[in-house]
Amino acid sequence: MNAIPTFAGPPLVGLNLHLLNDPVGLFTRAQRRYGDLVELDLGAAGPLYGVFHPDGVKQVLLRGRRTHRALLRELLGGGLFTSPSGEDWLRRRRLSQPVFTQDRLSRMLPLLLRSVDETVHRRWRPGLRVDAAAEMKRLTVAMMVDATFGPDTGVDRALARRALGYLLPYVDQQLFTLLTPPRSWPTLRNRHFRAARSALRGIIAEAVRERRAGGTDEPTFLNGLLEGRSATGGPEFTDEELVDEVLSIFIAGTETTGTALTWALHLLSTHPAAADALRAEVAARIGTRTPTPDDLSRLHWPRAIVQEAVRLYPPAWALRRVMDEPLELGGATVPAGSPLIVSSYVTHRHPGLWTDPEDFVPSRWLPSAPEPPRFAYFPFGAGAHQCAGKMFALLQGELLLTRLAQEFTTLPTTRAPVRTSATIALSPVPTPELLLVAAPIREEECL
Ligand code: HEM
């Protein structure tokens, strides 16, 4: 039997400070120095096993249990995203099936276009410098609110956006800052958080009441959640559970997509050849018209750019699991019950798995390119907990990039390097600023 190499730290504290300060750097060093299965010494907290090879990732994600959700549940309630593996999670996952069907997403397209066009056609103009992260946060929150409630309900959208904009940074801070005042203390932050959470829960509860009293059949997430029973035959969500589920979708789906699109815009602005290829394809296939679901399915570059952005910068950069049986890998055995971590960031840049792993090469995702090894690429997770909103997130990215390519190219305003900051999502620091340059597609360019 092979021994598992140990990445050791100082006695008692082990590698905990590195884990808090720069977890992505720590996992990358662990893989590069010690290989694809590493014991990370967390001092008094015991070992954590890093699993970086696709064969190991497969076992961990298909057979492992998700456990660590206590703080998220305390802060945000018990929806799908915050639930540990088990019966309750499974029931919620089944009841949520109707939310994310392909048919619902296709019918949602006009709703999403509203926010995209509000950004690209009304907020943006040639010569404007924009903070990519702020713009993408604004856009993804707006799309999420519309997709959840629909355009014509009495929901206070501005309040919903503000409250959501407050919740996420607070959760980040609670999860990733070493010394924060206890949540029970009446600090300004704690009070703001509680006010934002209760405002958002109130808005959702009101929308649920309205919808139960007789709503529309629009293809919204809320309507999908309410259809849970008819689709599965099981008992439906209670009103309280519905509030948790909507909140869970908000939390799982805004920061992740917002950062993914921020990276995509940053990478496009620094890789003009990719921006040209995107523009040429959009010009040739759909020209200047408003994209339909059919149009989007005939475009390859928008999706390839998003896929490559989340290869290099996967918002959900690591996933934790526990296995009830030992993990056997490359002749070594990790004992049952040990905490395991897989990191998409590390595996997506594994030099043994990818050609030019550190480079932005969206063409590797075109239909003519060879597929990467299975479980070498998992920005949306894999197995039972695989991201429920994956197709929705890709659709948002495709729409934005298509609309952008019809109007603008983007340039970075500085050559300063952009680093990653690993909190609830993997964000760029400093936040990239972009210059919008007019480049409208002209009729004569279209085939
Ligand atoms: C680029 C954007 C996104 C990325 C990278 C992403 C990534 C992920 C990942 C890695 C997981 C698995 C978590 C785990 O295994 O513990 C996950 C789960 C989840 N995601 Fe996403 N996500 C994105 C967008 C979205 C959106 C837009 C929604 C909703 C509209 C969403 C809803 C969910 C939900 C509900 C879960 C929990 C699934 C479960 O545990 O059964 N995500 N996401």
Side-chain angles (χ1 to χ4, degrees), residues 57 60-69 72-73 76-86 88-97 99-101 104-105 108 111-112 136-137 139-149 164 168 219-222 224-225 244-264 303 305-322 340-345 347-348 375 377-400 424-427:
V57 171
V60 171
L61 291 184
L62 296 193
R63 292 163 52 206
R65 272 186 298 114
R66 184 169 76 191
T67 54
H68 291 268
R69 298 272 144 157
L72 275 179
R73 281 171 79 80
L76 303 168
L80 189 56
F81 182 67
T82 55
S83 294
S85 309
D88 180 54
W89 162 80
L90 187 59
R91 178 180 146 266
R92 287 172 186 275
R93 180 96 193 188
R94 288 197 176 129
L95 282 174
S96 302
Q97 295 297 343
V99 179
F100 299 104
T101 58
R104 183 174 302 273
L105 289 188
M108 220 181 234
L111 211 57
L112 301 181
M136 288 307 98
K137 182 170 185 170
L139 174 61
T140 44
V141 169
M143 283 199 267
M144 185 57 95
V145 171
D146 277 354
T148 304
F149 301 119
L164 194 51
L168 295 168
T220 60
F221 288 151
L222 183 54
L225 288 167
D244 284 343
E245 287 309 328
V246 170
L247 206 52
S248 170
I249 289 176
F250 278 180
I251 300 305
T254 43
E255 187 104 336
T256 41
T257 313
T259 38
L261 298 185
T262 305
W263 282 114
R303 180 172 291 202
I305 288 164
V306 178
Q307 282 178 294
E308 183 67 349
V310 296
R311 181 185 70 82
L312 283 172
Y313 301 105
W317 43 275
L319 301 171
R320 262 180 103 116
R321 293 290 189 271
V322 167
L340 304 160
I341 194 118
V342 297
S343 167
S344 44
Y345 183 92
T347 304
H348 289 180
F375 296 95
Y377 181 71
F378 51 101
F380 295 99
H385 289 285
Q386 188 182 39
C387 178
K390 171 180 166 181
M391 298 316 288
F392 178 71
L394 291 172
L395 178 64
Q396 288 173 293
E398 286 164 22
L399 268 185
L400 172 72
I424 206 164
L426 191 70
S427 318

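In each ligand, atom 1 is the first atom listed, and ligand 1 is the first ligand listed.
Checking only distances, Arg93 does come within under 3.5 Å of ligand 1, N or O to N or O. Considering backbone and side-chain N/O of Trp89, one or more are found under 3.5 Å from N/O of ligand 1.
Taking the side-chain contact (heavy atoms from CB on, under 4.5 Å) definition, one finds that Pro379 meets it with Val310, His348, Tyr377, sequence neighbours left out. With sequence neighbours excluded, the residues forming a side-chain contact (heavy atoms from CB on, under 4.5 Å) with Ala252 are Phe81, listed by chain and number.
In summary, the aromatic rings of Phe100 and Phe221 are positioned with their centroids under 6.0 Å apart.
By the criterion of a heavy-atom distance under 4.0 Å, the side chain of Met144, and not its backbone, is placed next to ligand 1. Proximity of Arg66 to ligand 1, defined as any heavy-atom pair under 4.0 Å, is confined to the side chain (atoms from C-beta onward).
Remark: ligand 1 atoms within the under-4.0 Å shell around heavy atoms of Gly253 are 25 (C), 26 (C), 27 (C), 28 (C). Of all the atoms in ligand 1, the ones that sit under 4.0 Å from a non-hydrogen atom of Gly381 are 10 (C). Using a 4.0 Å cut-off to heavy atoms of Phe81, the atoms of ligand 1 that qualify are 19 (C), 36 (C), 37 (C). Listed by number with element, the atoms of ligand 1 under 4.0 angstrom from any heavy atom of Pro379 are 5 (C), 7 (C), 10 (C).
Ring planes of Tyr313 and Trp263: parallel class, angle under 30° (limits at 30 and 60°).
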